[in-house]
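Chain identifiers are assigned alphabetically (A, B, ...) following the order of the sequence lines, protein sequences preceding nucleic acid strands; residue numbering begins at 1 within each chain.
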Amino acid sequence: DVKVTQSSRYLVKRTGEKVFLECVQDMDHENMFWYRQDPGLGLRLIYFSYDVKMKEKGDIPEGYSVSREKKERFSLILESASTNQTSMYLCASSPVLKITTEAFFGQGTRLTVV
Amino acid sequence: AQSVTQLDSHVSVSEGTPVLLRCNYSSSYSPSLFWYVQHPNKGLQLLLKYTSAATLVKGINGFEAEFKKSETSFHLTKPSAHMSDAAEYFCVVSALRDDKIIFGKGTRLHILP
């Protein structure tokens with residue numbers, strides 16, 4: 001089974017802190033994604049990466065950055081956390097997208113910024 | 001550009017009655033379409049996917065969806081709802097050209113006893 005593991009289920013951070021959310025996948029997938037999930041807004045794409053050291057902005061990249069130094073690991077960085085970044089963060093991975101490919105998701109990290 | 005619209009944010013049905021969750025999509029290319037389910041405090045699980053081999057797609061737990069190109073729709077149905085179906089459901093379009101996966105805003109399904 002594909003496994004996508006997010007390092008923390010719950011995090012509480014203070015405003016202004018630098019926050020790292022880590023995601024690791026064990027299936028040698030090329031693509032990795034970071035989403036945030038908010039009630040009524042669904043999942044919104046923050047950043048995605050289709051290869052090591054490659055990254056593309058999603059729909060809401062402001063206030064975030066990412067790092068992909070190894071194929072299996074994709075990190076989301078909040079340079080200076082703010083209260084409006086309180087949310088559920090979901091990481092996903094997939095092979096190169098074809099007609100039959102789906103994404104596999106981690107369990108999510110619920111981040112609270114106080 | 002690709003987009004997906006889930007027409008209802010909440011749907012309530014009685015146990016044993018049919019379920020219909022509506023999804024419309026927009027895509028410049030032949031789309032890949034999926035439905036995911038998220039139970040409370042759980043991750044996302046794939047219910048079914050449209051692969052272009054057949055327009056009627058069967059998924060897990062008795063769910064199915066029909067791809068209708070003329071209506072740009074991919075509605076999710078189940079003949080008889082079960083209490084365990086209470087969850088949030090996401091319609092997803094995959095943009096093959098630029099490798100993006102785009103989610104609808106979700107439909108929360110409530111099952112009434």
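Residues from residues 104-113 of chain B that place a non-hydrogen atom less than 4.5 Å from a non-hydrogen atom of chain A comprise B:Gly104, B:Lys105, given in numerical order. The contact list for residues 60-67 of chain B toward chain A, using heavy atoms and a distance under 4.5 Å, is empty.
In the hydrophobic clustering of ILVMFWY residues, with side-chain heavy atoms under 4.5 Å counting as a link, B:Leu21 and B:Val93 come out together. No single ILVMFWY cluster, assembled from side-chain heavy atoms under 4.5 Å apart, contains both B:Trp35 and B:Leu20. Side-chain heavy atoms closer than 4.5 Å link hydrophobic residues (I, L, V, M, F, W, Y) into clusters, and following such links, possibly through other members, connects A:Ile46 to A:Leu11. Using a 4.5 Å cut-off between side-chain heavy atoms of Ile, Leu, Val, Met, Phe, Trp and Tyr, with links allowed through other members, A:Tyr89 and A:Val24 fall into different hydrophobic clusters. Both A:Met88 and A:Phe48 are part of a single hydrophobic cluster, where members link through side-chain heavy atoms under 4.5 Å apart.
Distance CD/A:Gln107 to CG/B:Leu44: 9.5 Å, rounded to 0.5 Å. Atom CZ of B:Phe103 sits about 8.0 Å away from atom CG of A:Leu90, to the nearest 0.5 Å.
Atom CZ of A:Arg110 is surrounded by 12 or fewer heavy atoms from other residues, nucleotides or ligands within 6.0 Å.
Residue A:Leu43 touches chain B through both its backbone and its side chain, counting heavy-atom pairs closer than 4.5 Å. Heavy atoms closer than 4.5 Å to chain B are found nowhere in A:Glu56, neither backbone nor side chain. Heavy-atom distances place no part of B:Gln6 under 4.5 Å from chain A, backbone and side chain included. Neither the backbone nor the side chain of B:Gln45 comes within less than 4.5 Å of any heavy atom in chain A.
Checked against salt bridge (Lys or Arg N to Asp or Glu O under 4.0 Å), B:Lys69 has no partners two or more places apart in sequence or in another chain. Every residue two or more places apart in sequence or in another chain was checked for a side-chain hydrogen bond (donor to acceptor under 3.5 Å, both in side chains) with A:Glu72, and none qualifies.
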